[in-house]
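Take a look at the structure set out below.
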Amino acid sequence: MGRRSCPPAGPLLLGRSTDVLHDLVHLPLTVHARHAVTGPEDGKGATASVLFLSDQPLTGLPAPLGHSTPDDGTQEHSTIRDAPVDFTSLHRRHRARPLYRRTLTLPASQCAGYGTRQLTRLAAYTSPTYTPAAHPAREGSIQ
């Protein structure tokens, strides 16, 4: 989740998913359509490019056209040395972890912008694989 100096860049959607990649590909995007969209002027068939990064192969994403390429998400793209091994102040060490990347072209209709509009669409997101986390105040567990 990040440290105090590295909070998440956007809202968090808490819940459970039986198909995480499906939900990531279908969630409302936190971007204005006018900044990310390419395609016809009338908006029909317009798309937005989204970069997916993972420390696991992205084999569950829609297959690229043609044959396998280095950017299809199944081959390691690079490594990042950010997995903590030792927190001792004078001997901090991190191990490398793999980085897989894949760019997908998604429908521009997923661009929800920022602020209230995006939060409303994010809260309303439903799919057969996603179950929102229960709200503690609704269950009376917070007193």
Side-chain angles (χ1 to χ4, degrees), residues 1-87 89 92-143:
M1 293 290 298
R3 299 180 277 291
R4 281 185 292 183
S5 63
C6 304
L12 298 176
L13 182 65
L14 299 177
R16 294 177 187 243
S17 177
T18 57
D19 188 349
V20 175
L21 289 176
H22 172 272
D23 288 320
L24 283 175
V25 170
H26 293 90
L27 280 168
L29 301 172
T30 308
V31 66
H32 284 291
R34 67 177 178 266
H35 294 133
V37 173
T38 58
E41 296 273 332
D42 63 4
K44 294 179 182 174
T47 60
S49 293
V50 178
L51 176 64
F52 288 85
L53 300 171
S54 175
D55 57 2
Q56 301 289 321
L58 295 165
T59 55
L61 292 175
L65 298 175
H67 61 282
S68 184
T69 66
D71 195 28
D72 69 357
T74 61
Q75 299 175 23
E76 187 176 314
H77 177 269
S78 60
T79 59
I80 300 173
R81 188 170 295 281
D82 68 351
V85 175
D86 187 351
F87 285 108
S89 60
R92 287 200 175 114
R93 292 182 311 155
H94 296 81
R95 69 174 170 79
R97 66 180 174 93
L99 179 66
Y100 297 86
R101 59 183 286 153
R102 171 82 189 280
T103 301
L104 283 183
T105 303
L106 301 177
S109 59
Q110 283 182 242
C111 294
Y114 303 102
T116 307
R117 181 169 184 245
Q118 197 272 337
L119 291 174
T120 301
R121 286 191 52 193
L122 193 59
Y125 175 78
T126 58
S127 82
T129 64
Y130 174 75
T131 305
H135 190 285
R138 292 183 191 148
E139 294 179 2
S141 60
I142 296 178
Q143 297 179 3

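Counting from 1, the numbers follow the sequence of the chain as shown.
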Any L27 side-chain heavy atom under 4.5 Å of Q110 side chain: no

Beyond-backbone contact of F52 with S54, side-chain heavy atoms, under 4.5 angstrom: no

For the student: nearest non-hydrogen atoms of Y125 and P28, plus distance: CD1-CD, 4.0 Å

Working for side-chain contact (heavy atoms from CB on, under 4.5 Å), residues L104 and V25: CA-CA 9 Å; L104 283 183; V25 170; 3.9 Å; yes

Partner of P98 under side-chain contact (heavy atoms from CB on, under 4.5 Å), chosen from H77, E76, Q56: E76

Atom pair CG/CD1 of D55 and I80 - distance to nearest 0.5 Å: 8.5 Å

Shortest non-hydrogen contact from S127 toward D23: OG-OD1, 2.6 Å

Test side-chain hydrogen bond (donor to acceptor under 3.5 Å, both in side chains) applied to R117 - qualifying residues, sequence neighbours left out: none

Min side-chain heavy-atom separation H26-Y130 under 4.5 Å: no

Interatomic spacing from CZ in R16 to OG1 in T131 - rounded to 0.5 Å: 8.5 Å

Contacts of H94 that satisfy ring-ring contact (aromatic ring centres under 6.0 Å, His included) - sequence neighbours left out: none

Spatial distance of atom OG1 (T103) from atom CZ (R101) [nearest 0.5 Å]: 5.5 Å

Rounded distance [0.5 Å steps], OG1 in T74 versus CG in L58: 9.0 Å

Reported CG-to-CG distance for the pair L29 and L106, which is rounded to 0.5 angstrom: 6.0 Å

Minimum heavy-atom distance between G73 and R102, given as atom pair plus value: N-CD, 3.8 Å

Lys/Arg-Asp/Glu bridge criterion (N-O < 4.0 Å) met for D86, R92: no

Non-neighbouring partners of L119 that pass side chain to side chain contact (heavy atoms under 4.5 Å, CB included), sequence neighbours left out: P11

Separation between OG1 of T30 and CG of L122, rounded to the nearest 0.5 Å: 7.0 Å

Any side-chain heavy-atom pair of R97 and T79 under 4.5 Å: no

